[in-house]
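Being a predicted model, the structure only gives us computed values, none of them experimental. Sequence positions, counted from 1, serve as the residue numbers for this chain.
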Amino acid sequence: MFAKRVFIVVVALLMILGLSCKEKETGIKGRLILQTGQSGDVRNSRVRLFVSSDLTGNPVKEVASDATGVDQTKSEFEFTEVVEGYYYILAWKDLNGSGVVDNNDIVGVHGGTYRPGYGGTQVTVTKGKMTDVGDIIMLIYKELILTTRYVWEPTFQQQLAFYYKFNDDCNVTSWKLKDPTGYEVTDADQNGAKVANTEYRSPANTSYWWTWTGGAPVGTYVITITGTWSGNNFTIADTFNVTH
């Protein structure tokens, strides 16, 4: 009887020692919060872990945030089995299924406000610790989109006019056109305030067209526009192919 009791005590001690020596989970947890005044559903968002501060390359890990919460403005997430090191977190609701962050998606980064190439604040992951990064503030991402088209002069089909518009109000400070030969011209008449979804023409005077000796070349053209939008400077370009 005495020997049996000793055995039971020894087994119990071994179990306790085993539990105490078990390695704790290494990972990251946090919560997505939709910024006050914004509308949308952050549940079931993609949350990605990157090693690069500009969010380039493939993510180290990707999880979906909680999809079952009652409050659509909040959603928890958790990464497990993370190797200790330094990371950046991108949280993103791909609303149009494009596979890239673009206009009207809901997006956020840890410790900052998302913009292309910016990963926010670095997160340090320590072995054996579940690092709590707190709240990641999610906002509706706004992207300035340039749409262009060209029109051949109707009579001889040798001259061109170019039309363009933006999806939001902005101010243009430089408008440049590069033709398939590499020749580049500037149209200063395009400078000034532009109204969202309003189409503008270059040349501005509808009596004129862009002309080339021997006719406009077919091939790849590039329109590059710089200016200011929502208080920030921008440079945006559109490449298109001109054919007859």
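Ion pair Glu25/Lys129 not flagged as a salt bridge, since none of the NZ, NE, NH1 or NH2 atoms sits closer than 4.0 Å to an Asp/Glu carboxylate oxygen. With respect to the salt-bridge test (charged N to carboxylate O, under 4.0 angstrom), the residues Arg48 and Glu62 qualify.
Residues Phe50 and Val133 do not share a hydrophobic cluster, defined by chaining ILVMFWY side chains whose heavy atoms lie under 4.5 Å apart. A continuous path of ILVMFWY side-chain contacts below 4.5 Å connects Val125 to Ile136, so both sit in one hydrophobic cluster. If you chain together hydrophobic residues whose side chains sit under 4.5 Å apart, Tyr164 and Val222 never meet in one group. Under a hydrophobic-cluster definition in which Ile, Leu, Val, Met, Phe, Trp and Tyr are linked whenever side-chain heavy atoms come within less than 4.5 Å, directly or via other members, Val51 and Ile89 are assigned to the same cluster. Note on Val107 and Leu95: separate hydrophobic clusters, where clusters join Ile, Leu, Val, Met, Phe, Trp and Tyr whose side-chain heavy atoms are under 4.5 Å apart, directly or indirectly.
The CD1 atom of Ile223 sits 11.0 Å away from the OG1 atom of Thr147 when rounded to the nearest 0.5 Å. Taking OG1 of Thr126 as the reference point, atom NZ of Lys24 lies at 12.5 Å (rounded to 0.5 Å). Interatomic distance, Gln35 CD to Asp135 CG, rounded to the nearest 0.5 Å: 12.5 Å. Here Lys74 contributes atom NZ and Leu34 contributes atom CG; the two are 11.0 Å apart, rounded to the nearest 0.5 Å.
For the pair Gly27 and Val82, the tightest heavy-atom approach, listed with the atom from each and the gap, is CA-CG2, 3.9 Å. Listed here is the closest heavy atom pair of Phe79 and Val47: CZ-O, 3.3 Å. Across all their heavy atoms, Lys165 and Thr198 have their closest contact at CB-O, 3.2 Å. The two residues Trp209 and Val151 come nearest to each other via the heavy atoms CZ3-O, 3.5 Å. Looking at every heavy atom in both residues, Ile106 comes nearest to Gly40 through CD1-CA, 3.9 Å.
Side-chain atoms of Asp169 come within 3.5 Å of backbone N or O of Ala196 as a donor-acceptor pair. A donor-acceptor contact shorter than 3.5 Å links the side chain of Asp187 to the backbone of Asp189. Here the side chain of Gln38 pairs a donor or acceptor atom with the backbone of Ile140 at under 3.5 angstrom. Of the possible polar contacts, none joining the Asp66 side chain to the Ser75 backbone as a donor-acceptor pair under 3.5 Å is found. Thr26 places no side-chain N or O within donor-acceptor distance of the main-chain N or O of Glu81, the cut-off being under 3.5 Å. Lys93 contributes a side-chain N or O that, together with a main-chain N or O of Asp41, makes up a donor-acceptor pair within less than 3.5 Å. Of the possible donor and acceptor atoms, one in the side chain of Lys194 sits under 3.5 Å from a partner among the backbone N and O of Gln190. When atom types are taken as modelled, the side chain of Ser65 and the backbone of Glu76 share no donor-acceptor pair closer than 3.5 angstrom. Although no hydrogens or angles enter the test, the distance criterion places a donor-acceptor pair under 3.5 Å between the side chain of Ser98 and the main chain of Val100. Judged by distance alone, the side chain of Arg43 and the main-chain N or O of Gly69 form a donor-acceptor pair under 3.5 Å.
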Full working for side chain to side chain contact (heavy atoms under 4.5 Å, CB included) between Leu146 and Ile225: CA-CA 9 Å; Leu146 170 66; Ile225 302 175; 3.9 Å; yes

Going through the distances and angles, do Ile28 and Glu78 end up as a side chain to side chain contact (heavy atoms under 4.5 Å, CB included)? CA-CA 6 Å; Ile28 299 172; Glu78 183 177 290; over 6 Å; no

Start with the C-alpha distance between Val218 and His244, add both sets of side-chain angles, then the distance that settles side chain to side chain contact (heavy atoms under 4.5 Å, CB included), and finish with yes or no. CA-CA 7 Å; Val218 297; His244 272 296; 3.6 Å; yes

Phe166 vs Ile145, test: side chain to side chain contact (heavy atoms under 4.5 Å, CB included). Steps then yes/no. CA-CA 6 Å; Phe166 298 96; Ile145 300 173; over 6 Å; no

Between Tyr88 and Gln122, does a side-chain hydrogen bond (donor to acceptor under 3.5 Å, both in side chains) hold up when you go through it step by step? CA-CA 5 Å; Tyr88 298 86; Gln122 191 178 71; 3.3 Å; yes

Worked verdict on Trp175 versus Ser202 for side-chain hydrogen bond (donor to acceptor under 3.5 Å, both in side chains): CA-CA 9 Å; Trp175 192 102; Ser202 175; 5.4 Å; no

Determine, stepwise, if the pair Asp179 / Trp212 fulfils side-chain hydrogen bond (donor to acceptor under 3.5 Å, both in side chains). CA-CA 10 Å; Asp179 72 14; Trp212 287 258; 2.9 Å; yes

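In this structure, the side chains of Val42 and Trp92 stay at 4.5 Å or more apart for every pair of heavy atoms. Contact check for Asn103 versus Lys142: side-chain heavy atoms found under the 4.5 Å cut-off.
Checked by atom type, the side-chain pair Asn191/Thr173 shows no donor-acceptor distance below 3.5 Å. No side-chain donor from either of Asn104 and Asn96 sits under 3.5 Å from a side-chain acceptor of the other.
For residues 154-163, every residue pair satisfying the side-chain hydrogen bond (donor to acceptor under 3.5 Å, both in side chains) rule, not counting sequence neighbours, is listed here: Glu153-Thr155, Tyr163-Arg201. Residues in residues 106-148 take part in these ring pair (Phe, Tyr, Trp, His ring centres under 6.0 Å) pairs, two or more places apart or across chains: Tyr114-Tyr141.
Applying the 6.0 Å contact sphere to NZ of Lys61 captures more than 12 heavy atoms from other residues, nucleotides or ligands.
Checked against a 6.0 Å centroid threshold, the rings of Tyr221 and Phe162 count as neighbours.
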Distance-only donor-acceptor pairs under 3.5 Å for side chains of residues 228-243, two or more places apart:
unit_1: Trp229; atom_1: NE1; unit_2: Asp168; atom_2: OD2; d: 3.0
unit_1: Asp238; atom_1: OD2; unit_2: Thr148; atom_2: OG1; d: 2.3

